[in-house]
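Following: one structure in structure tokens, then a few remarks.
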Amino acid sequence: MSSLIIERPLPHGGRLVERVIRDKEAAKKMIKGCPTYEIKPTLHYETGVPVRNVYREIMSICYGFFSPVEGSMKKAEVERILKERRLLNDWIFPYPLVFDISKEEYKELGVTAGDRLVLNLKGKPFAILDIEEIWEIEDPEELAHKTFGTPEDNPEVVKEPFNKKHPGWVIYRSLQPIVLAGKYTIINEPKFRAPFDRFWFPPRKCREEFDNRNWRTAICHQTRNVPHVGHEFLMKNAAYTGDVEPCHGILVNAIIGVKRRGDYPDEAILEGQEAVTTAGYIKSERRLVSMCLWDMRYGNPLESLLHGIIRQNMGCTHHMFGRDHAAVGEYYDKWSTQILWTEGIPSFGFPKPPTDVPYGLNIRPQNMREFSYCPTCKEMAYSETCGHKREKLSGSFLRGMVAEGVQPPAIIMRPEVYKAVVKWWKHFNYPFCNEKYVINKEKELEVDLEDL
Amino acid sequence: MAYFIVVLLDDNRFDKIKGTELEKEVQYMFGGELRCLNVEVSEELKEKILKEFDTARIDSRGAITDVPVAFLRELFNQVADKKTLGGEVIEGVLAKVDEIKELAAKESEFLPAPDIEV
Ligand SMILES: [Zn+2]
């Protein structure tokens, strides 16, 4: 075998976290006599609109997407993350993750360290939290600023102070003050509703799927979008990296979580992505569409670090990153993610890239620019190779076309992808997420639970 | 400066103007894949549009953009009906301004889906 062969990396932290009890009788015994708490969405600190649901973090932790994280973080761990983006066990990690409740709820529950709390979801037992420490967030605004960085503390990449226009900042600003820290264990596996169910490939299952498909190398494409042809070409061409041959697989991993008005519905995103495969634009032997539950924090370089962790855990060898990766607004430099993965960002604890520090990652970045149509080449052309004037496709132009009910030409959006958009448009009476969708989604979530 | 509004034509819309004088006016983008018509807008009518629809913008080419979807749909209907790109189609749209505004107010919550098989 060539010494240039790239092997599938181990999970971040060395082993996959899996904290799911499948034996219902054992689960019942485990929760006997324990106090219960019904999971509630985190509400925007000013408007009261749902901005996060901790159930998604519990799912991603217990199924191993966030390995080696095992639960809600202790105070010292959050402080270490804010200082150097490392867990207490030294492995790198970008964000604080906590189980937060109000002071009134804390008083009512009367729990202390050492107690086991049963977490109900939609009225049914869902998980347990074995409380190891209880601490207080004294200043959520300070926590929010420290989570994302400030122009003073992180001058390499932060351009503007964060504020309430940033949805990730709002999540941290809106946390309740009391944190119950400790490990989560799912005791009653939620059932995904269609179409989410067929995209659920938690890390162990995903790695098995890679084995079945003989994928040694796989490149991840992060998405929160219905794919247009520019995305398709990005995926196809980024996959030409690999080791001694192009990547064996393209893993599309959609982040599914709280939505903002104007986003495409998650159902249309997943089925639109799936259509690229089923219609053969990239054959199914080479492409898998999957999802991860997470309420996006839009932390550009920090988000890219989380994406690297999730996809390494899923078994990927490579990860595509583009301009303004997982960004909103102009808080970060457009190329912050590329700076992190090529040089590092010392003020965030990375004097070198996250792949080059101890307890770092083992997934290769593939930094990409854009594809757009070139009338001279008569093809979708790469911005860094084609020397002609290309017809750039702006997202707002495409959205305007869709909103008007005009089918985009196949060179912009594949007809099968457009059909997926229209299918869910008919279902929700709207092509994008409207207020009704956003509110209903946080009420219904992506799952249902049976009785334990 | 000359102003205009782009009317996008998918196959469905193209069929409605095929064989008419308008077919000669069709312009092509994306290697001929995207067809459109440019409807002329006079200075006076541009002012009226900006006054009636506060989201409307003028881009660097003189194209009027960001008008409600209901406006654009009606604009196509007028073009297909009157078979012209002249000022009377914009006048025809503006004659229905109340109806369009009513639909536009609902556009943040409701948009009619295209009638295609899915
Ligand atoms: Zn070219």
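Order of the sequence lines fixes the chain letters, A, B, ..., with proteins taken first and strands second; residue numbering starts at 1 for each chain. Basis for what follows: all heavy atoms, side chains included, without hydrogens, waters or symmetry-related copies.
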Check your understanding: Does the cation-pi check pass for A:Arg260 over A:Tyr298, that is, NZ or CZ under 6.0 Å from the six-membered ring centre and within 45° of its axis?
Key ->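 So A:Arg260 does make the cation-pi contact.
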Review point. Are the aromatic rings of A:Tyr430 and A:Tyr437 close, with centres under 6.0 Å apart?
Key: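 No, the ring of A:Tyr430 stays outside the 6.0 Å limit from the ring of A:Tyr437, centre to centre.
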Exercise for review: Select one option (side chain, backbone, both, neither) describing which atoms of B:Pro112 are under 4.5 Å from chain A's heavy atoms.
Suggested key: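 For B:Pro112, the contact with chain A is made by the backbone alone.
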Which answer fits [X], side chain, backbone, both or neither, if we ask what part of it has an atom under 4.5 Å from a heavy atom of chain B?
X	value
A:Arg390	neither
A:Lys378	neither
A:Pro431	side chain

Exercise for review: Could you check B:Glu23 against B:Arg35 for salt bridge (Lys or Arg N to Asp or Glu O under 4.0 Å), going step by step and ending with a plain yes or no?
Suggested key: CA-CA 10 Å; B:Glu23 203 177 332; B:Arg35 291 170 293 214; over 6 Å; no
Review point. Pick from A:Ala410, A:Ala420, A:Pro375, A:Gly405: which one has the most heavy-atom pairs with chain B under 4.5 Å?
Key: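 Max contact count across the listed options: A:Gly405.
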Review point. More than 12 heavy atoms of other residues, nucleotides or ligands under 6.0 Å from NZ of A:Lys191: is that the case?
Key: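 It does: A:Lys191 NZ has more than 12 such atoms within range.
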Exercise for review: Mind running salt bridge (Lys or Arg N to Asp or Glu O under 4.0 Å) on A:Arg399 and A:Glu404 for me, showing each step along the way?
Suggested key: CA-CA 8 Å; A:Arg399 291 165 46 82; A:Glu404 209 183 325; over 6 Å; no
